[in-house]
Each structure stands twice: as C-alpha cells, then as structure tokens.
Amino acid sequence: MLNIDGNVASEIPLNGGIFGSGEQQLEVRALPLDSEKTLHPQANFHYQVKAVDVNTANWNLIKSFDKQQVGPDPKNQFFLLSKSVFLADVPYTVHNWADLGKIDEKNLKDRVFGKYNEIVQAGKKGDYNKLFAAIELTESRNALTLYLSKEEVDARVDAIKADIKAGFKMMELEQTCSLEIAANGRLCRLVRPDGNSAMALENEETQEELIIDLWLCQNKNNNLTFF
C-alpha cells in the first residue's frame, strides 16, 4: 500500500520483483511532476508492505510490515527516497535466479541498447518474433510470481498482438534513455527520463503508447539475455 497524502492511495503488487523467499530490498522514489523541476516543500508519502493470502476470495491479510514515512523535507526538493527491507515467504523460486551472477558493467549501456535495438529494428520491418520471444519469457516468469494461469498469460500476450494488428508500431529508442541496474547487480534495463522502460509501441493515430518492460541478465557464458 502506497499513499501520497491528498493525491493517491494505491495497492501495488510486489511479487513480480520477488524471485524467492528471503530478504527483499525495496526502494521507493518520489520525483517532481513532469512540468516541475522541484517537489512541493510539503511533499511526502508513506507506504506499508503487506502479505496476503491469494488463495482466499478477499486476499486475507497474513502480515503487515513496518510502515515507512518519508518527507516532507524542505532541504531536498529534487526527490524523496526510501529504502527498506522485509522478509518474504513465497511458495516459489524463479528457476534460474540462483544461477545469475553480477553483470559486467563494462560498456553495459551500449550492450543493452544493442539488444533492445535488435528487437526495435526487426519490428520496424514487420518481424515481431524477437519481441514476442522476449515477452513470452517475461510472461512465463510472471505466471509464477503473480500466480497467473496459462489462460491469463496467453490473454496478456494476445492483447499485445491485437494492439499491433490495430496499428501499434515499434518506437525508436530515445538517445536520452539511461541504464538502470537492479537486483543487486543481476538485472538491467534501459529507461526513459520518466522512469518507464525505453522499449515501447506507439499508435500514431490515437497517440497511445504501449510500454514493454524487458529486463536483461548475464548468463553463464557472460552474454546478455532477456530474463
């Protein structure tokens, strides 16, 4: 549960970033609005991690972790940051998570850009095989961590295919995108200045965008591969 006083209260599932039981590190940032350079002097937020039983109709509460309160901090008006730790107990382990080592950061942004760009350029030629190979790999992990059925996973993939048929096309990667490293150096991706994934589809007629969130890891042969 994330609450920003006077604005929004949201329940955000964290399982997509939990790959097995044990200690989890959580980082939450609050940034200025797109049209602003600084935060309001009274900007603040608070959040609390909760464990629920997804096998019950109403997702009954199992445990609540300590509530985190951040801000206001008039001295730091560019962003607010909270880092916390909690212990997760989940009935799964992402199969290859333990095999992943830390990514070699030498020329990493260029290497990630190259992997993304292979998909972008193929898509611009009408070949979406590489895109869907990466998406299906991501969705197979989501099926495990988000407790999705095969039918639900297939529906998610089919929805993207339908969007492409409806006019969505690959967008060029922005040169202003930056490298983001997560999971103690084991995962990476490219993000736009707004924090969204750099990989996206666009429908020029409706001016809609479809963000494709793809992470990369380093396999045993030290090659970058989609996770």
Side-chain angles (χ1 to χ4, degrees), residues 1-20 22-52 54 59 61-90 94 102-103 105 108-109 112-113 116 138 141-142 145-146 171 173-202 207-217 227:
M1 170 72 77
L2 174 66
N3 186 73
I4 302 175
D5 291 339
N7 287 277
V8 65
S10 302
E11 290 187 349
I12 304 170
L14 299 179
N15 284 66
I18 298 175
F19 304 130
E23 184 178 282
Q24 313 294 321
Q25 298 180 9
L26 179 62
E27 180 176 307
V28 181
R29 290 175 180 264
L31 302 174
L33 298 172
D34 288 342
S35 59
E36 303 291 337
K37 293 183 179 180
T38 59
L39 293 167
H40 188 279
Q42 295 301 312
N44 69 93
F45 66 88
H46 56 85
Y47 64 92
Q48 185 175 35
V49 175
K50 298 181 179 181
V52 298
V54 297
W59 289 19
L61 179 67
I62 297 174
K63 180 181 180 180
S64 294
F65 295 88
D66 292 340
K67 186 176 180 180
Q68 307 293 324
Q69 172 72 46
V70 183
D73 182 5
K75 294 181 181 179
N76 183 7
Q77 297 183 13
F78 297 102
F79 68 92
L80 294 176
L81 171 64
S82 172
K83 294 183 179 181
S84 60
V85 174
F86 67 95
L87 291 176
D89 182 13
V90 293
V94 175
K102 288 199 173 183
I103 297 172
E105 296 188 28
L108 183 55
K109 181 180 177 180
V112 176
F113 192 98
Y116 275 37
T138 298
R141 186 183 73 252
N142 288 339
T145 62
L146 300 178
M171 297 178 64
L173 296 174
E174 296 182 9
Q175 295 298 321
T176 55
C177 63
S178 59
L179 180 69
E180 180 178 348
I181 300 175
N184 290 324
R186 297 193 218 182
L187 297 177
C188 63
R189 65 172 182 167
L190 289 181
V191 295
R192 299 174 178 179
D194 64 5
N196 283 319
S197 170
M199 180 82 68
L201 299 164
E202 180 184 37
Q207 295 297 301
E208 294 177 287
E209 289 186 9
L210 177 62
I211 303 297
I212 307 295
D213 195 11
L214 299 177
W215 290 86
L216 289 139
C217 62
F227 176 69

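Bear in mind the structure is a predicted one, so any value in this text is a computation, not a measurement. Values reported hereafter were calculated over all heavy atoms of this structure, with side chains retained and with hydrogens, waters and symmetry mates removed.
Under the ring-ring contact (aromatic ring centres under 6.0 Å, His included) criterion, Phe113 pairs with no residue at all, not counting sequence neighbours. Here Glu180 pairs with Arg189 under the side chain to side chain donor-acceptor pair (under 3.5 Å) rule; sequence neighbours left out. Every residue meeting the side chain to side chain contact (heavy atoms under 4.5 Å, CB included) condition with Ile211, not counting sequence neighbours, appears here in chain and number order: Arg192, Asn196, Ser197, Ala200, Glu209. Shown here are the side chain to side chain donor-acceptor pair (under 3.5 Å) partners of Gln42, two or more places apart in sequence or in another chain: there are none. Glu27 is linked by a side chain to side chain donor-acceptor pair (under 3.5 Å) to Arg29, counting only residues two or more places apart in sequence or in another chain. Taking the side chain to side chain donor-acceptor pair (under 3.5 Å) definition, one finds that Arg141 meets it with nothing, sequence neighbours left out.
With values rounded to the nearest 0.5 angstrom, Leu187 atom CG is found 6.5 Å from Cys217 atom SG. One distance of note links OG of Ser82 with CD of Gln69; it measures 9.5 Å at 0.5 Å rounding. Atoms CG and SG, on Leu190 and Cys177 in that order, are 4.5 Å from each other to the nearest 0.5 Å. Taking CZ of Phe227 as the reference point, atom OG1 of Thr138 lies at 9.0 Å (rounded to 0.5 Å). From Lys102, atom NZ reaches atom CD of Glu105 across 8.5 Å, with rounding to the nearest 0.5 Å. Here CD of Gln207 is found 6.0 Å from CD of Glu202. Values are rounded to the nearest 0.5 Å.
At least one donor-acceptor pair closer than 3.5 Å links the side chain of Gln48 to the backbone N or O of Phe65. Side chain of Tyr47 to backbone of Val28: no donor-acceptor contact under 3.5 angstrom is found.
Looking at every heavy atom in both residues, Leu216 comes nearest to Ile103 through O-CD1, 3.9 Å. Shortest non-hydrogen contact noted between Phe86 and Leu14 is CZ-CD1, 4.1 Å. Nearest approach of Phe45 to Leu80, heavy atoms of both residues: CE2-CB, 3.9 Å.
Under the side chain to side chain contact (heavy atoms under 4.5 Å, CB included) test applied with Phe79, the options Thr38, Leu31, Asp73 reduce to a single match, Leu31.
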